[in-house]
Structures are given as structure tokens and as C-alpha cells.
Amino acid sequence: MLDERIIESCKSHIRNLRGFDRSEFVSVEKGRFEMRAHPGVDCANEYDNVHGGFLLALADEAASGAADTYGYDNATMTVSANFLRPARITDEYLSVVAVVQHAGKRTVVAEVSIARPNGEVVFRSTYTMAVFETRIGE
């Protein structure tokens, strides 16, 4: 049987992450999508930094936005992520930028970076998006 302290620590990892409604569109052009997120205590991990799952979700939204610029429905196939340093829940905003590196008939590969207001990059990832035959809006 596990020690009760370990069990409680494990339970503390279950979070009710919020704050996505404070995200905002910044810009879009062919192969590039940018947004901002405004973190707060509702997107914190147990160390009072921005939760990694929150960062992953933001990056997923941005990668999909960049893939959308080619006009076809898409969905995430794979992601490789690097958490470089903590993002702070006290940051005024986080800048999320996705740039397409490859746009093929069946896949789009986008690199996503998330940075603090001072430009310090806290997260980098590569997303491979499946491209469907249906055009957006059809």
C-alpha cells in the first residue's frame, strides 16, 4: 500500500484547468497563426506555474490555426513538445505562434513557440496535422 502522502500528491495532479476563454486572436497569414493567452491561477499547476497541459492545448490550437490557412479540415496526429522553462501565472500574456514547415497533400507540419511578454521562449513543439479532403466550411 502506498503512503497516504504519496496518494495525496498523486491526486493533486488532477486539475480543473481553465482560462482558455481569455485567449485572443492576434494575426493569421498563409502558414502562420498567432494568438495570445492571458494566464491566471485557474491554469496553474501545483507549483503555481502555468500547467503544461494548458501550454499543450494552446499550442494545439495554434498549430491547427496555421494548418487551417491551407483551406482544409485537419486534426492533430502527433506532437513533440519541449518545456524549456516555467511560464508564470502572473505573466500579462503568453504569445503563441505557429509556423508551417511543411504543407503536403495529407499532412501539415507546424512548429509552435510560446513566449512570455519579455520574449523568453518557454515552450517549443512540432505538430503533425492530418489534412482531410474536405475544405473548411463545406
Side-chain angles (χ1 to χ4, degrees):
M1 176 96 178
L2 289 175
D3 183 284
E4 189 61 35
R5 292 173 294 183
I6 294 172
I7 294 170
E8 288 306 311
S9 177
C10 292
K11 287 180 180 179
S12 75
H13 291 282
I14 300 171
R15 298 286 173 163
N16 185 14
L17 295 177
R18 296 186 181 169
F20 296 103
D21 58 329
R22 294 189 302 273
S23 298
E24 61 186 349
F25 171 81
V26 174
S27 67
V28 66
E29 59 190 62
K30 189 79 160 199
R32 186 179 187 282
F33 179 90
E34 183 174 355
M35 62 186 281
R36 278 188 178 172
H38 300 273
V41 296
D42 53 355
C43 56
N45 61 19
E46 61 271 24
Y47 308 111
D48 286 331
N49 293 315
V50 177
H51 195 285
F54 186 83
L55 297 175
L56 276 168
L58 293 174
D60 190 75
E61 290 175 349
S64 184
D68 281 353
T69 66
Y70 293 90
Y72 290 89
D73 289 329
N74 60 83
T76 302
M77 288 174 50
T78 64
V79 60
S80 173
N82 293 291
F83 299 90
L84 305 174
R85 58 190 50 87
R88 307 292 183 197
I89 60 172
T90 56
D91 284 333
E92 179 185 352
Y93 63 87
L94 298 172
S95 177
V96 185
V97 178
V99 178
V100 170
Q101 304 300 309
H102 164 79
K105 185 175 181 178
R106 292 193 167 88
T107 61
V108 167
V109 177
E111 290 186 356
V112 182
S113 64
I114 300 178
R116 298 177 70 203
N118 65 4
E120 181 180 55
V121 176
V122 299
F123 175 93
R124 287 193 191 278
S125 61
T126 302
Y127 278 77
T128 302
M129 312 300 288
V131 176
F132 303 129
E133 292 179 4
T134 53
R135 294 196 59 81
I136 290 174
E138 288 184 356

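Here the structure is a predicted model, which is why all the values come from computation and not from measurement.
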> Hey, mind stepping through Leu94 and Arg116 against side chain to side chain contact (heavy atoms under 4.5 Å, CB included) and telling me if it holds?
Replying inline: CA-CA 5 Å; Leu94 298 172; Arg116 298 177 70 203; 4.3 Å; yes
How close do [X] and [Y] get, heavy atom to heavy atom, and via which atoms?
X      : Y      : result
Met35  : Leu58  : CE-CD2, 3.8 Å
Ala37  : Phe54  : CB-CE2, 4.5 Å
Val50  : Pro39  : CG2-CB, 3.8 Å
Val112 : Ala62  : CG1-CB, 4.4 Å
Arg135 : Asp73  : O-OD2, 4.0 Å
Ala81  : Ser125 : CA-CB, 3.9 Å

Treat each ILVMFWY residue as a node, draw an edge where side-chain heavy atoms are under 4.5 Å apart, and state whether [X] and [Y] are in one component.
X      : Y      : value
Val97  : Phe123 : no
Phe33  : Phe20  : yes
Ile114 : Val109 : no
Met129 : Val99  : no
Tyr93  : Leu56  : no

So, the side chain of [X] versus the backbone of [Y]: is there a donor-acceptor pair under 3.5 Å, distance only?
X     : Y      : value
Asn74 : Tyr72  : yes
His38 : Glu92  : yes
Ser64 : Glu61  : no
Ser95 : Ala115 : no
Arg85 : Val121 : yes

[atom2] on [Y] to [atom1] on [X], rounded to 0.5 Å:
X      : Y      : atom1 : atom2 : result
Asp48  : Thr90  : CG    : OG1   : 9.5 Å
Phe25  : Arg36  : CZ    : CZ    : 12.5 Å
Met1   : Ile7   : CE    : CD1   : 4.5 Å
Lys11  : Ile6   : NZ    : CD1   : 13.5 Å
Glu133 : Lys105 : CD    : NZ    : 7.5 Å
Ile89  : Asn45  : CD1   : CG    : 8.5 Å

> Does any non-hydrogen side-chain atom of Arg88 lie less than 4.5 Å from one of Asn49?
Replying inline: yes
Check the surroundings of atom [atom1] in [X]: do more than 12 heavy atoms from other residues, nucleotides or ligands lie under 6.0 Å from it?
X      : atom1 : value
Arg124 : CZ    : no
Glu24  : CD    : yes
Arg22  : CZ    : yes
Lys30  : NZ    : yes
Tyr47  : OH    : no

> Run the side chain to side chain contact (heavy atoms under 4.5 Å, CB included) check on Val131 and Tyr70 step by step: do they pass?
Replying inline: CA-CA 9 Å; Val131 176; Tyr70 293 90; over 6 Å; no
>> Set out, in order, the CA-CA distance, both residues' side-chain angles and the distance that settles side chain to side chain contact (heavy atoms under 4.5 Å, CB included) for Arg106 and Phe132, then state yes or no.
In response: CA-CA 7 Å; Arg106 292 193 167 88; Phe132 303 129; over 6 Å; no
>> Closer than 4.0 angstrom, basic N to acidic O: yes or no for Glu8 and Arg5?
In response: no
>> Between Val108 and Tyr127, does the side chain to side chain contact (heavy atoms under 4.5 Å, CB included) criterion hold? Intermediate values first, please.
In response: CA-CA 8 Å; Val108 167; Tyr127 278 77; over 6 Å; no
